[in-house]
Each structure stands twice: as structure tokens, then as C-alpha cells.
Amino acid sequence: MISLPSFPSQQISEIQYPNFQEFSFDSSLLQKLHSCKSEKELKGIHSLIIKSSPSPQAQQFIYNKILSLCSSITPLIDLGYVHTLFTQLPNPNISLYNSLIRCFSGSRSKQSSLIILLFYHVLIEKGLIADNCTYPFVFKACAQLCDLRQGEMVHVHVIKNGFVLNLYVVNTLMSFYGSLGAVMDVRKVFDESPQWDLVSWTTVIQGYVKNGYWKEGVDMFLEMVEAGYTADEKLMVVVISACAKLGDLSLARKLHNYICDHRVKFDVFVGNALVDVYLKCGDTDSACKVFNKMPSKNVVSWNSMISGLTQKGDFKAALNMFRKMQDKGVKIDEFTLVAALNSCANLGTLELGKWIHAYLDRNRIEVDGFTGNALIDMYAKCGSIHAAVGVFDRMKLKDVYTYTTLIVGLAMHGEGGMALKLFPEMLDMGIQPDEVTFVGALTACTHAGLVEEGHKYFADMSRVHNIKPQMQHYGCMVDLLGRAGLISEAIRFVEDMPVEPDAFILGTLLGACRTHGEVELAESIMEQLATMEPDKDGPYILMSNIYASANKRKEALQLRKGMKRRKLRKAPGCSSIELDGAVYEFRKGTEYFPLSPAKGEECVSKINFCLQLELYILFQSLGVTSNMMVLSLGTSSSCLGKERNTILNHLQSGPANPFYPGPADL
DNA sequence: ATAGGGTTAG
């Protein structure tokens, strides 16, 4: 039972945290309150307290305790209950308001943020003054709601009440401006603050970096070092991520050295940032070294490796990582799958791509946004354009990437008409096309032979959509005109371009010359190309084909000699097939090997890569077509029966397939 | 009681 000495009420309001021993309070109740960990327990104790019918003074004290307890066990707590509790308090002071607000800051939803702002306005109306514990939550709520004006208003209150001297308040204020992209305001608050700590520097640097001012962020870091501060691991992560965006390898090495020299804690965040920066700067070896040295890895570490290798174009290494990650039992997430799908798309490993699709379905991961876009791309690039369309149709959240991916995919499959139907549909949905969408639309026009339509898209690009044509778009137009046989128009187009044609454009023209037998024109273009890119074999190959089809043997021979003189060799053709989830790659004149390492690593040497066409037919006759597809076929045709049988034996009885776990494994 | 961190596309 609680028995209180009776205080005059004015005195009570001055004592914020009375010593509970003065209440001769049943200490077991208070102890229970302290050790309480769940809402249920809390409510139980609450009812016990009500039953003990405390005096108003004791009630204020206890409710105060309960409320601060609530704010420490969020988000487990029922916010409605918290609010009811709060309304029981007769004259809540600012610290009680802070406790209340803290309860609502746990859920980080838009609704809770609105409620926090509401409480903030109520407390001001009641004549209370917010303090250093109120403002951080209020700024967080403004950031969550993307409400710049509201935040600016609170900023004024902060100035009026003198809280610009409080680092907690100033730092959250900067973080608020930074999250809304107001970089100048972040800097202004920083410059006007009379004192800084490491968090202030981190916040201002992050303000720059998050908004794309990578160079400024790095410069600010250097300024900080100059001013005598020492960075911690949290700041280093920000600076390293800026360095990754800049792609500056020598800076990356300097930052790595800084970490070692200053004994910055090498935690999983720092490790991940380093792995990422080395991969983005093209130094795979260093990335692997850091990755292997990391004391603890998480899903992000693996994702960084996989997506980094994918972006570098090392798709096989990426998929091997993906497999290794699963072997280690690391739980994969959407980031993993998007990166893996990207690799599948580029390698043409449809089976693995399908497996990932099934994985998404099985784990009830919504096929939307990033995952949906990656799936569409994978199916389109692996030749299953119908599956790509199927994914597209089921997606609820379509963005410019979704439309562009499918437009490009359809165009590449010769479905120019279907691709061009999507374009106006996209505009109707209120989605603005970007420069890549126009590359897709122009390619679609090329493949459908729609010259007029192409001109219209090209004109609309700058006129209606305010996108300046880039070299790629000029290239598309040259290709469009060239393939349609309008060579002279293509030449005129190149001459009228506001920029000098690059090797790609000239190569496109050369391709048009080949299709339409324009030998003399080809020769003059070839001359230009040979000076621009003396090391490329492509133009020579094209030109020799042009001579060959014009029956000009002598010229062709001379060209070959020229190639030899320049030590140019035709890059070997390359092709691959997928069988039961393993990719077999064929290179002309070399050996073939399965994509996956380990058991299947032994190579069968010197197999002509074009064998696969025959293999495909053979497999069809054997009735094993379902797991196999041919991605691209070579053009030469010499074939050795013995070697073919070797491959057949190898594929049928050989290394354990599939290398990737099938749907049944998970 | 209250502030700052890494990975995803066409």
C-alpha cells in the first residue's frame, strides 16, 4: 500500500523526481515495473497500481515512470494505450511529452510522424518550451514526412529558444536538411554552429555525399583531418562510399591506409564499404583480399561482391559467389537476387534465372520494383520474351526502368511494333521516358523498319521531353537509316550532326555499307576508322567481308596483310549452352569448360565451338530439349565426330549436374 | 532520454 505525506500542491510541481522512499511505496511494485519487459506485464502492473488507489501525487510519479518505460520498450507497445495513459496525466511537463514522443518515434511510419508533430504543436500551445530532447524527434518526423517547411519552422523555434548551442539538436537539424537534399542549408547550419563534434562532421559530409556532391564530401573530410579531428568507423564508411562513387582508386587506397594507420575499428560496415569501393574502382584483387579478411560477413558483404563482380562484367565469378554464399548458408535477399539475375541475363543462364524466379515466389517476395525489372531483363536477354511480358503484366509498380527494359527487350526480339505500343502507354501512366527509353524506341523503329516513326521519336526527344540526344541516339538514327538502305540520307545525317561522329557511328555506317554493297563508300569510312581505332579488329573483319561479297579477292588479301602488319587477330567467336543449370562455354579454337568450378572443371580440349548447333539437334533427337537452349550460334562449320562424342559423353554422364540447387532443395 | 554508417536496374 502507498501512503503519502500530504504536500502542498505548489511544492509537488517543483519536485520532478521525488525519492520514492518518501512515499513509503510498496517497493515490490516498483521493482516489477523496473524489470518489466513486455506490454502485457506492464499492463498487469498498471492494473495493480490502479487497485492500490494512489494519491494524485503518487499517480503522477508512477505514470511518469510507466510512460518512460513505454518509450524504452517500443515498438512492442500499443501506442493507443500509451496515449490513453498520457491523457491520465493532469499537467504533463516537457519531459513527459518527450517520453510520449519517443514512444511514437519507434515505429517510423508516416502516421506516427504526423502524431509527433501534432504533440509538438500541442505542447507549444500549452505554453511549454521544447528542449534538446524534443527537437531531435521532431526533426526526424519532419524528415520522414519530407516536410521542409515544417522543419524550417521548427528551426526558427530552435534559434529562438537558444538550442543552436546544443550539438544533438544541431546535428539532427543538419541531418534533416540533408535528407531533403537541402545541401546549402546543411552547410549553413554547420558553418554557423560555434562548435562541432565528430557527428557534426559526419552529418555534413553525409549531407554532401547522399545528394551526389561526392567531391565536396571528400574535401570536407580532408578539411576535418586538417583541423585535427580523427575519423571513426562511421565516418570512414561515408567517405569510402563517396570515393566509390568517384571511382578513385588511389583515394580508396589512401582511405584504407588511414583506417590501418589510425586503428579505425574494422567492423562489418567498414569491410563492406571497402569491398564495394575496390570493386567499383576495378581492383577485384583488393576487394577479395578485404572480403576474405573480414572477421564477420553479412548478407551485404556477399551482395557487394556479387553486384560488384556483375557490374565489372565478371558474371561467372559473380554466379560462383552466389553459389558459394548459398553453400555457406547465408540467407539471400532481394539485392542478392537482382545482382544474380543481372549475371544470368548476361550469361544467358535461363535455368538459374527461372530458379530465382521460383525462389521469389516461394518466399513470397513480391515481384515488383527492382526484382521485377531484373526478371524482365533476364527473361528478355535469355530469349524468353513471353515470360518477360508475363512478369511485366503482373507487376503493380511499374517505373521508367520497367517500361524501358521491356521496350529494349521487345525491340531486340524483332517485336518493334509491340515495343512501340508500350511507349504511349507509359506516357499515359504518367511516367517520363529518359534517354535509355529513347534508345529502345529508336531500336524498335530500326527493327520494324519504321523510318518515319524513328524521325518522329528522335525529334520528340528534345522537343517534347527535353532530352538532349547523345551519341547513342545519333548512332540509332544512323543504324535506322542505314539498315533501311537510305545510305545517302544516313551520310547526310552524320554530316548534319552537331558533334563529330565517333568510331561507333562510323562502324554502323560501315555495317550499312556491307548490307547494301557500297564498296567505295566503305573504303573511305574504313580509312577514317583505321586511324581512329587502329587496335580494333571489327572494322577490318567487316571490310574484308565487304570485299569478299563484292568478289574483290585482291583487296581482301591486302587488307589481311595490313592486319598482320598491325599484329591484329580476329577475336575468337564465343558461344555457350546451358544444360541442367550448368553453362558450357565454347570458344573457337580453344577448349570448352563448364561455368561452375570444382567437380566439373576438367576440360575437353580443342573442341570447335560451333559443335553446339549439332549438339542441340542431337539433344533434341534424344528428347532432352527442355533443359537446354542455344544462345548464339557460330558461323563456321568444321566438325569432328570424335570430339562431338566426347562432349556428348561428358554432358550426359559427366560431372554432377545441376551445379546449382534446384527448386526442390529449398 | 536525444544525433552520424554499407549493397539493387534498362
Side-chain angles (χ1 to χ4, degrees), chain A residues 67-69 71-72 94-103 105 130-140 143 163 166-176 178-179 197-207 209-210 231-241 244 265 267-277 279-280 298-308 310-311 333-342 345 369-378 380-381 388 399-409 411-412 433-440 443:
Chain A
L67 197 65
S68 67
L69 228 155
S71 63
S72 66
I94 187 63
S95 85
L96 286 170
Y97 268 100
N98 290 345
S99 291
L100 175 71
I101 287 173
R102 189 155 79 109
C103 291
S105 77
D131 67 11
N132 52 314
C133 299
T134 326
Y135 290 120
F137 292 122
V138 176
F139 283 130
K140 256 192 173 172
F163 282 97
N166 185 286
L167 274 178
Y168 276 105
V169 175
V170 168
N171 292 343
T172 37
L173 174 58
M174 289 197 292
S175 166
F176 155 74
S179 71
D197 63 3
L198 204 50
V199 179
S200 317
W201 285 97
T202 310
T203 311
V204 73
I205 291 169
Q206 175 71 304
V209 175
K210 266 265 154 71
D232 65 358
E233 74 281 2
K234 293 189 171 75
L235 175 55
M236 288 318 289
V237 168
V238 176
V239 183
I240 294 168
S241 75
K265 194 173 152 212
D267 67 4
V268 69
F269 284 90
V270 173
N272 292 344
L274 279 173
V275 165
D276 180 54
V277 76
L279 283 165
K280 294 252 163 73
N298 61 12
V299 61
V300 179
S301 327
W302 290 92
N303 291 349
S304 297
M305 281 302 281
I306 295 169
S307 72
T310 304
Q311 270 154 29
D333 67 6
E334 276 139 279
F335 286 79
T336 327
L337 297 173
V338 169
L341 280 172
N342 196 350
F370 273 98
T371 48
N373 296 343
L375 267 180
I376 293 176
D377 189 44
M378 182 278 295
K381 289 221 171 85
D399 61 8
V400 61
Y401 286 94
T402 320
Y403 276 95
T404 305
T405 310
L406 192 58
I407 288 173
V408 170
M412 286 196 305
D434 68 8
E435 63 280 356
V436 188
T437 322
F438 277 101
V439 170
T443 314

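Chain letters run A, B, ... following the sequence lines, proteins first, then strands; residues in each count from 1. Keep in mind that the numbers below use all heavy atoms, side chains included, and drop hydrogens, waters and symmetry copies.
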### Message
Need one value for A/Asp333: base, sugar-phosphate or nothing, where a base atom within 4.0 Å counts as base even if backbone is also close, heavy atoms only.
### Response
nothing

### Query
Got a second to check how far A/Arg102's CZ is from A/Ser95's OG, nearest 0.5 Å?
11.5 Å

### Query
In whole angstroms, how far is the P atom of B/dG10 from the CG atom of A/Leu406?
14 Å

### Message
Quick check, does A/Tyr401 stack with B/dG10? I mean ring centres under 5.5 Å and planes off by under 30°.
### Response
no

### Task
Just call it for A/Val238: base, sugar-phosphate, or nothing, with non-hydrogen atoms closer than 4.0 Å on any strand.
sugar-phosphate

### Query
According to a strict under-4.0 Å criterion, is A/Asn342 in side-chain N/O contact with OP1 or OP2 of B/dG10?
yes

#### Entry: Rounded interatomic separation in angstrom, taking CG from A/Asp434 and C1' from B/dA9
11 Å

#### Entry: Presence of donor-acceptor pair under 3.5 Å, side chain of A/Thr203 and base of B/dG4
no

### Task
Report yes if a side-chain nitrogen or oxygen of A/Gln311 is closer than 4.0 Å to either non-bridging phosphate oxygen (OP1 or OP2) of B/dT8; otherwise report no.
yes

### Message
What's A/Asn166 touching, base or sugar-phosphate or nothing? Going by heavy atoms closer than 4.0 Å.
### Response
nothing

### Message
Please give me the minimum heavy-atom distance between A/Ser200 and A/Leu167, naming the atom from each residue.
### Response
OG-CD2, 3.6 Å

### B/dA3 OP1/OP2 closer than 4.0 Å to side-chain N/O of A/Lys140
yes

#### Entry: A/Tyr168 ring over B/dA3 six-membered base ring, under 5.5 Å and 30°
no

### Query
Could you state the CH2-C1' distance from A/Trp201 to B/dA3, rounded to the nearest angstrom?
17 Å

## Note on the structure
Considering only heavy side-chain atoms of A/Val408, the closest of B/dT2, B/dG10, B/dG5 is B/dG10

### Task
Identify whether any heavy atom of A/Thr405 sits under 4.0 Å from a base atom; if not, whether one sits that close to sugar-phosphate; answer base, sugar-phosphate or nothing.
sugar-phosphate

## Note on the structure
Nearest heavy-atom contact between A/Phe137 and A/Ser105 is CE2-OG, 3.4 Å

### Query
When the distance from CZ of A/Phe370 to P of B/dT8 is rounded to whole Å, what number comes out?
8 Å

### Query
Which part of the nucleic acid, if any, lies within contact of A/Val400, taking any heavy atom under 4.0 Å across all strands shown: a base, the sugar-phosphate backbone alone, or nothing?
base

### Query
To the side chain of A/Asn303, which of B/dG10, B/dG5, B/dT7 is closest?
B/dT7

### Query
Atom CG of A/Asn171 to atom P of B/dA3: distance rounded to whole Å?
11 Å

### Distance test, side-chain N/O of A/Lys280 to OP1/OP2 of B/dT8, below 4.0 Å
yes

### Query
Between B/dG5, B/dG4, B/dA1, which one does the side chain of A/Lys210 approach most closely?
B/dG5

### Query
Rounded to the nearest 0.5 Å, how far does OG of A/Ser179 lie from NZ of A/Lys140?
11.0 Å

### Query
Of all the nucleotides listed (B/dA1, B/dG10, B/dG5), which has the minimum atom distance to the side chain of A/Lys234?
B/dG5

### Query
Expressed in angstrom and rounded to an integer, what is the separation of A/Phe176 atom CZ from B/dT2 atom P?
21 Å

### Message
I want to verify a distance call: between B/dA3, B/dG4, B/dT8, whose nearest atom is closest to the A/Phe335 side chain?
### Response
B/dT8

### Message
Of the listed nucleotides (B/dA3, B/dG10, B/dT8), which one gets closest to any side-chain atom of A/Thr172?
### Response
B/dA3

### Message
Once ring-ring contact (aromatic ring centres under 6.0 Å, His included) is applied, do any residues pair with A/Trp201, and if so which ones, sequence neighbours excluded?
### Response
A/Phe190, A/Trp196, A/Tyr229

### Query
Looking for any heavy atom pair under 4.0 Å, which part of the strands does A/Asn132 touch: base, sugar-phosphate only, or nothing?
base

### Query
Side chain of A/Thr202, base of B/dG4: donor and acceptor closer than 3.5 Å?
yes

### Task
Specify the separation, in whole Å, of atom CG of A/Leu341 and atom P of B/dG10.
11 Å

N/O donor-acceptor pairs under 3.5 Å from side chains in residues 333-341 of chain A, not counting sequence neighbours:
from, atom 1, to, atom 2, distance (Å)
A/Asp333, OD1, A/Asn303, ND2, 3.0
A/Asp333, OD1, A/Phe335, N, 3.1
A/Asp333, OD1, A/Thr336, N, 3.1
A/Asp333, OD1, A/Thr336, OG1, 2.8
A/Thr336, OG1, A/Asn303, OD1, 2.7
A/Thr336, OG1, A/Asp333, N, 3.0
A/Thr336, OG1, A/Asp333, O, 3.2

### Task
Identify whether any heavy atom of A/Phe137 sits under 4.0 Å from a base atom; if not, whether one sits that close to sugar-phosphate; answer base, sugar-phosphate or nothing.
sugar-phosphate

### Query
Atom CG of A/Leu167 and atom P of B/dT2: how far apart are they, to the nearest Å?
16 Å

#### Entry: Nearest-nucleotide pick for A/Cys133, side chain only, options being B/dG5, B/dT2, B/dT7
B/dT2

### Query
Contact class for A/Ser200 vs. all strands (heavy atom < 4.0 Å): base, sugar-phosphate, or nothing?
nothing

### Query
Would A/Asp399 and A/Asn373 count as a side chain to side chain contact (heavy atoms under 4.5 Å, CB included) if you check the C-alpha gap in whole Å, the side-chain angles of each, and the deciding distance to 0.1 Å?
CA-CA 9 Å; A/Asp399 61 8; A/Asn373 296 343; 3.4 Å; yes

